[in-house]
Amino acid sequence: MATTREIRRRIRSIKNTAQITKAMQMVAASKMRKAQQRAIEGRPYQNLFQEIVQSLIPQAGQLRHPLLQARPIQKEAVFVIGTDKGLCGPLNTNLLREIQKRHNPNHRYVSMGKKVRNYLALLKGNQGENLLLADFELKDNLSFREAKRIGNFLIEKYLNKEIDAISIAYSHFVNPLVQHPIYRRIAPISQVELTKKDNTQETAPENFVPFNFEPSPEELLDNILPFYIHLEIYQSILDNLASEHSARMVAMKSATENAKSLLQDLSLEYNKARQESITKEILEISTAHYAIG
Amino acid sequence: MSFTLQLVTPEGVTLSEEVEQVTLPGIDGEMGIYANHEPLITQIVPGELSYTKNGGKKFYLAIGEGFVKITAKDVSILVDMALREEEIEEKKVEEAIARAQAAIKQKLLGEEELAATQAMLLKSMAQLKVKRRRHGTGAPPITPS
């Protein structure tokens with residue numbers, strides 16, 4: 001049986017840990033809400049973007065931009081978004097398992113977040129070359145401009161034919177308790193994806209306006225297509241941030257609960273030990289009393 | 001006659017107002033737009049946007065690159081950055097310009113990076129132009145070389 005002092009020390013340390021996990025849970029909850037909020041704030045941009053693209057495509061004639069042209073895929077670049085910090089449950093593990101499933105020595109990786117970077121940096125190709133091309137810094141307050149930098153990096157590699165396709169892998173936020181790893185292709189851009197109508201924003205055909213274009217619709221389309229990639233990247237990063245913080249929130253919540261049940265057990269044990277020592281003391285006194293008689 | 005001016009960035013809707021007139025940095029130079037403009041989709045470059053509200057009050061914003069959709073009744077602008085005058089921190093912008101110019105001078109950058117830096121420089125100068133207007137000092141006579 002542990003002494004009361006030992007038990008007291010353990011109780012104190014668990015109490016402190018529970019306080020910390022509780023605080024982390026609250027911080028994660030507020031950060032999750034912020035990330036979700038920002039994803040929602042991006043929606044008007046997305047809608048307007050689609051509106052413009054939809055008026056452009058019918059006018060542009062032959063779609064000749066390389067971003068729209070599928071070619072035989074030999075090398076694929078995968079942009080993997082993870083987290084910098086741990087303590088977020090199985091989020092990174094699930095994502096990396098998905099990556100592993102689809103892994104192929106011809107893939108090239110671009111990472112965001114230390115946890116996935118450390119894993120991807122270990123991957124080697126057939127000739128022993130490194131498969132990680134670049135690592136971008138993860139920030140909570142990531143701006144669109146930074147997403148654009150990643151997009152431009154990938155698009156440049158695509159246009160130079162260093163890679164033939166761009167995919168993106170991240171944890172999709174379903175609800176605060178559920179996050180799914182997602183792995184999807186963003187380039188070459190499928191035309192279906194590009195002209196996909198948002199059901200909430202159905203524009204009536206009588207509202208159709210014959211637009212003039214300046215410069216030509218082809219040129220405009222060429223210039224607007226990279227923004228599709230940037231936007232996908234930006235939204236995926238925000239989605240992943242919401243997932244990270246919700247996963248951390250849940251992990252910290254269960255840690256706090258575990259600490260609480262541990263505390264209950266320990267205080268029971270503590271009371272028992274205390275009672276035992278009191279009983280022992282009384283016993284000793286009364287024995288002594290009898291002995292002296 | 002007024003029309004609706006909407007300015008959206010990926011970070012949110014910066015502006016949604018009834019205005020009388022708007023001036024945009026178009027790809028072929030500045031363009032002024034009034035109500036009942038013919039329907040047009042065009043590209044805009046980093047620069048200064050100004051609009052006049054009913055009653056003649058003029059407002060300025062610094063915007064990044066993007067696209068604009070114009071119809072008779074509204075103007076919707078899609079840009080990657082938009083800053084109101086009061087949001088621009090002059091000192092920060094000046095530092096950004098100095099850094100970008102130093103980088104360009106050193107010629108240490110690759111071609112792609114050079115283009116990116118020049119784009120940044122253009123944006124920073126657009127911000128500064130909007131800010132300085134109020135102080136009456138005018139934009140600095142610098143152009144990216």
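What you see below is based on every heavy atom in this structure, not just the backbone, and it leaves out hydrogens, waters and symmetry mates. Labels below follow one simple rule: chain letters A, B, ... track the order of the sequence lines, proteins then strands, and each chain is numbered from 1. The structure displayed is predicted, hence computed values, not measured ones.
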Do [X] and [Y] come close enough that some side-chain heavy atom pair is under 4.5 Å?
| X | Y | answer |
| --- | --- | --- |
| A/I155 | A/L225 | no |
| A/E156 | A/I163 | no |
| A/I166 | A/R185 | no |
| A/V78 | A/Y183 | yes |
| B/F3 | B/V75 | yes |

Side chain A/D239, main chain A/F173, donor-acceptor under 3.5 Å: yes

Please check this pair: side chain of A/D164 against backbone of A/K75, looking for a donor-acceptor N/O pair closer than 3.5 Å.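 It does hold such a pair.
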
For chain A, which residues of [range] have heavy atoms nearer than 4.5 angstrom:
| range | value |
| --- | --- |
| residues 41-48 of chain B | B/I41, B/T42, B/Q43 |
| residues 49-59 of chain B | none |
| residues 8-19 of chain B | B/V8, B/T9, B/P10, B/E11, B/G12, B/V13 |

A/F49 portion near chain B, given a 4.5 angstrom heavy-atom threshold: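 Its backbone and side chain both get close to chain B.
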
Proximity breakdown for A/F227 and chain B, heavy-atom pairs closer than 4.5 Å: side chain

Option in A/L238, A/I40, A/I52, A/I224 with maximal non-hydrogen atom pairs under 4.5 Å from chain B: A/I224

Given A/R38, A/H230, A/K148, the one with more heavy-atom pairs under 4.5 angstrom with chain B than any other is A/K148

Taking A/E232 first and then A/R184, would you say they form a salt bridge - that is, a charged N and a carboxylate O separated by under 4.0 Å? yes

Salt bridge or not between A/D84 and A/K115? Use side-chain N to carboxylate O under 4.0 Å. no

CZ of A/R117 to CG of A/L138: how many Å apart, nearest 0.5 Å? 11.0 Å

Please report the closest heavy-atom contact between A/L241 and A/A35, naming both atoms and the distance.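 It is CB-CB, 4.0 Å.
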
When you look at B/K69 and A/E51, which way does the salt bridge (charged side-chain N to carboxylate O under 4.0 Å, His left out) test go after all the steps? CA-CA 9 Å; B/K69 189 187 90 178; A/E51 248 179 77; 2.3 Å; yes

Can you tell me which of B/V79, B/D28, B/I27 forms the most heavy-atom pairs within a distance under 4.5 Å of chain A?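 Of the options given, most contacts go to B/V79.
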
Is the count of non-hydrogen atoms from other residues, nucleotides or ligands lying under 6.0 Å from A/E129 atom CD greater than 12?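 Yes, the 6.0 Å shell around CD holds more than 12 heavy atoms from other groups.
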
Is the closest side-chain donor-acceptor distance between A/S243 and A/N240 under 3.5 Å?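 Checked: A/S243/A/N240 side chains show no N/O donor-acceptor pair below 3.5 Å.
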
Which residues pass the side-chain hydrogen bond (donor to acceptor under 3.5 Å, both in side chains) test with A/K114, not counting sequence neighbours?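 Listed in chain order: nothing, the list is empty.
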
